[in-house]
Amino acid sequence: MSSKPLYKRVLLKASGEALMGDQGFGIDVAVADRIASDIAEARAMGVEVGVVVGGGNIFRGVAVASKGGDRVTGDHMGMLATVINALALATSLRKLDIDTVVLSAIAMPEICESFSQRATLSHLAQGRVVIFAGGTGNPFFTTDSAAALRAAEIGAEAIFKGTQVDGIYSADPKKDPTATRFDELTHSEVLGKGLAVMDIAAVALARENHIPIIVFSIHEKGGFAAILTGGGRKTIVHDK
Ligand code: UDP
C-alpha cells in the first residue's frame, strides 16, 4: 500500500455505538484504543484529523422525551455523554503519545477547552488531533450534524463516517442478504433514496459545502488508513 495520503485534513465521525463494542452500554476501552491506533496511523501519514464523537452509547435525548420528559434537558444529557466519550478517546490517543486536545461546544473549562474555529485551526496546524465534544452545543441536533458543521468550519476535505458496516447499502445488509453496497452516490441521491447513513441536516450541510462523505467500517483495523491512501472498502458520497 502506498502511504501517500489523498487528504491533508479530514473529519472523522465516530458514533457512541462504535466505542461501545459488544458491551451494549458505555465504553469498551479496547475498542477506543483500536480506533485511536487508526487515528495514529493517519497522523503518521501527516493527515490532520478532527474527530466528532457521538454519545448514543451512554445517552440520547429522545430517551427522555419518549418518557414524557423535556427533550431539551434530554439533549443536554446527550451532549454531556459525548464529552465523556471524547475524554475516553483522548485518553486512548495519549497512551499512544498522540498529541490530542478536546474542544467542547459547551464551556466546561475545568475539563477541556471550549470550541472555536480559531483555536481548532491552531491546534491542527501544530499537529494535534482535535476531538470535538458536545455536538453542536444545541438541542435538536445530532453529532452527525456536528460532524458536517465542524468539517465545514475547519475546511476538511472529507467527512469519514465510521459505521458498523463498510459503506452504504441498498438495504440493511445485516437483515437483507440481497442488499448491495454502493461505490459512490451523490448527496442528493442519499437524500432522495432515503438512505439512512447520516441525518438529513448533516447530508444537506455537506452537500451545500461540497464536502464528500466517506462511509466505512470503523471496526476494520487499518481501514481508515487504507481509505486515506485511496484503497479500502467504502462508499463515497460526493458531487459528480
Ligand atoms: N445532541 C444534541 N445536540 C448535538 C449533538 C448531540 O442535543 O448537536 C444530543 C442528542 O440528545 C443525541 C445525543 O446528544 O441523542 C448523542 O448524540 P448522537 O445521538 O448524535 O450520538 P451517536 O448516535 O453518534 O452515538
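These values consider heavy atoms only, across backbone and side chains, with no hydrogens, waters or symmetry-generated copies. The shown structure was predicted, so the numbers you read here are calculated from the model rather than taken from an experiment. Note that ligands are numbered from 1 as they come in the structure, with each ligand's atoms numbered from 1 the same way.
Put simply, the side chain of S37 never gets that close to the backbone of I35: no donor and acceptor are under 3.5 Å apart. Judged by distance alone, the side chain of R43 and the main-chain N or O of G127 form a donor-acceptor pair under 3.5 Å.
When hydrogens are left out, the protein atom nearest atom 14 (O) of ligand 1 is G78 C, 3.1 Å; that is the closest non-hydrogen contact. With hydrogens left out, the protein atom closest to atom 12 (C) of ligand 1 is G61 N, 4.2 Å, a heavy atom. Scanning the protein heavy atoms around atom 11 (O) of ligand 1, the nearest turns out to be D75 OD1, 2.5 Å. Looking only at heavy atoms of the protein, atom 6 (C) of ligand 1 is closest to F141 O, 3.7 Å. The protein atom (non-hydrogen) at minimum distance from atom 5 (C) of ligand 1 is T142 C, 3.4 Å. Closest to atom 21 (O) of ligand 1 among all protein heavy atoms lies G55 N, 3.0 Å.
Near G16, meaning under 4.0 Å from one of its heavy atoms, ligand 1 places the atoms 22 (P), 24 (O), 25 (O). Those atoms of ligand 1 that come under 4.0 Å of a heavy atom in S15, given as number and element, are 24 (O), 25 (O). Close approach of ligand 1 to P139 (heavy-atom distance below 4.0 Å) involves ligand atoms 7 (O). Close contacts between ligand 1 and T136 involve ligand atoms 4 (C), 8 (O) [criterion: under 4.0 Å to a heavy atom]. Distances below 4.0 Å separate heavy atoms of F59 from the following atoms of ligand 1: 13 (C), 16 (C).
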- Task: Test E220 against R233 for salt bridge (charged side-chain N to carboxylate O under 4.0 Å, His left out), laying out the working first.
- Result: CA-CA 10 Å; E220 199 177 309; R233 290 172 64 80; 5.2 Å; no
- Message: Does K95 form a salt bridge (charged side-chain N to carboxylate O under 4.0 Å, His left out) with D33? I'd like the steps, not just the answer.
- Response: CA-CA 8 Å; K95 283 194 280 188; D33 286 352; 3.1 Å; yes
- Message: Go through it in stages, so that I can follow the logic: the residues are M108 and V83, the test is side-chain contact (heavy atoms from CB on, under 4.5 Å), and I'd like the CA-CA distance, side-chain angles, deciding distance and then a yes or no.
- Response: CA-CA 10 Å; M108 44 181 86; V83 180; 3.8 Å; yes
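Considering backbone and side-chain N/O of G54, none are found under 3.5 Å from N/O of ligand 1. Below 3.5 Å of separation, one finds no N or O of A14 facing any N or O of ligand 1. Taking distance alone, with nitrogen or oxygen atoms compared against 3.5 Å, N138 approaches ligand 1 more closely than that limit. For a threshold of 3.5 Å applied to N or O pairs, the pair formed by G134 and ligand 1 contains no separation below that value. For ligand 1, one of its N or O atoms has an N or O atom of R60 under 3.5 Å away. Any N or O atom pair closer than 3.5 Å counts here, and T143 shares at least one such pair with ligand 1.
When hydrophobic clusters are built by joining Ile, Leu, Val, Met, Phe, Trp and Tyr residues whose side-chain heavy atoms come closer than 4.5 Å, directly or via intermediates, L19 is not grouped with M77. A continuous path of Ile, Leu, Val, Met, Phe, Trp and Tyr side chains, each step under 4.5 Å between heavy atoms, connects I218 with L96, placing both in one hydrophobic cluster. Following chains of ILVMFWY side-chain contacts shorter than 4.5 Å, one cannot reach M45 starting from V130, and the two form parts of different hydrophobic clusters.
Here the straight-line distance linking atom CG of L191 with atom CG of D199 works out to 10.0 Å at 0.5 Å rounding.
Between F216 and F224, the two ring planes are parallel [angle under 30°; tilted spans 30° to 60°].
For V62, no heavy-atom contact with ligand 1 is shorter than 4.0 Å. Contacts of K13 with ligand 1, taken as heavy-atom pairs under 4.0 Å, involve the side chain alone.
Not a single heavy atom of A146 sits under 4.0 Å from any atom of ligand 1.
Applying the ring pair (Phe, Tyr, Trp, His ring centres under 6.0 Å) test to residues at least two apart or on different chains, the pairs with a partner in residues 95-121 are F115-F132.
Partners of A171 according to the side-chain contact (heavy atoms from CB on, under 4.5 Å) rule, which considers only residues two or more places apart in sequence or in another chain, are D176, A179.
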